[in-house]
Amino acid sequence: MTTEKQNIGKLGEDIAVKYLEKHGYKILDRNYRKPWGEIDIIAQQSQELVFVEVKAQNQKFEWRPEENITRHKKHQLSRIVTTYLKANKIPEDQNWRIDVLGITLDFKTKNAQIEHIQNIVLT
């Protein structure tokens, strides 16, 4: 049984994929999971790999979705990116970054507000 939070998360990820594709990103993978963490979307923009964390929320909350990236989540992101790079034999000189897509959903108007924060710092 899926929860409202899971439904909002899935909808947010679907919106994020459409947004990224519209802006020239090629989607390589979704929901890359390991026991110690997951990354929502792995994409490519030009020659750069982009690991995308999606934070979606119903409009009724008064915090920005990207504020939900805790220190623990940053540690998980660091670990999962390293794992992905090694598992896929990505050369060490490959450029990559981590972005956050904060998505605020308004179910009444059926609109989504998207904030794209590029190259977050993991410290």
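Counting from 1, the numbers follow the sequence of the chain as shown.
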Next on the checklist: Using modelled atom types and a 3.5 Å cut-off, is there a donor and acceptor pairing between side-chain atoms of Ser78 and backbone atoms of Lys74?
Outcome noted: no
Next on the checklist: Which heavy atom of Ile98 sits nearest to which heavy atom of Trp96, and what is that distance?
Outcome noted: CG1-CZ3, 3.9 Å
Checklist outcome for this item: Taken to the nearest 0.5 Å, the spacing of Gln113 CD from Gln57 CD works out to 9.5 Å
Next on the checklist: Take a 6.0 Å sphere around NZ of Lys73 and say whether it holds more than 12 heavy atoms from other residues, nucleotides or ligands.
Outcome noted: yes
Item to check | Distance, nearest 0.5 Å, that separates CG of Asp99 from CD of Glu48 | outcome: 8.0 Å
Checklist entry - Side-chain contact, heavy-atom cut-off 4.5 Å: Leu77 with Ile39? => result yes
Checklist outcome for this item: Note: Gln44 and Gln47 closest approach over all heavy atoms is NE2-CA, 4.2 Å
Item to check | Sub-4.5 Å side-chain heavy-atom contact between Leu101 and Asp40 | outcome: no
Item to check | Evaluation steps, side-chain contact (heavy atoms from CB on, under 4.5 Å), between Leu85 and Leu49 | outcome: CA-CA 10 Å; Leu85 295 172; Leu49 275 179; 3.9 Å; yes
Checklist entry - Between atom CD1 of Ile8 and atom OG1 of Thr104, what is the distance when rounded to the nearest 0.5 Å? => result 10.5 Å
Checklist entry - From Lys26 NZ over to Gln45 CD, what is the distance, rounded to the nearest 0.5 angstrom? => result 14.0 Å
Checklist entry - Any Lys/Arg nitrogen of Lys18 or Asp14 sitting under 4.0 Å from an Asp/Glu carboxylate oxygen of the other? => result no
Checklist outcome for this item: Result for side-chain contact (heavy atoms from CB on, under 4.5 Å) between Phe51 and one of Ile41, Leu28, Ile42 points to Ile42
Checklist entry - Under 6.0 Å from the NE2 atom of His23, do we count more than 12 heavy atoms belonging to anything else shown? => result yes
Item to check | Glu53 and Ile120: CA distance, side-chain angles, deciding distance, side-chain contact (heavy atoms from CB on, under 4.5 Å) verdict | outcome: CA-CA 10 Å; Glu53 178 66 15; Ile120 66 165; over 6 Å; no
Checklist entry - Within a strict 4.5 Å, meaning less than it, do heavy atoms of the Asn58 and Leu105 side chains meet? => result no
Checklist entry - So do the side chains of Ile80 and Glu38 get within less than 4.5 Å of each other, counting heavy atoms only? => result no
Next on the checklist: Contact between Val50 and Leu20 at the side-chain level, heavy atoms closer than 4.5 Å - yes or no?
Outcome noted: no
Next on the checklist: Can you classify the ring geometry of His116 versus Tyr25 as parallel (below 30°), tilted (30 to 60°) or perpendicular (above 60°)?
Outcome noted: tilted
Item to check | Residue pair Gly12 / Ala56: nearest heavy atoms and the distance that separates them | outcome: CA-CB, 3.8 Å
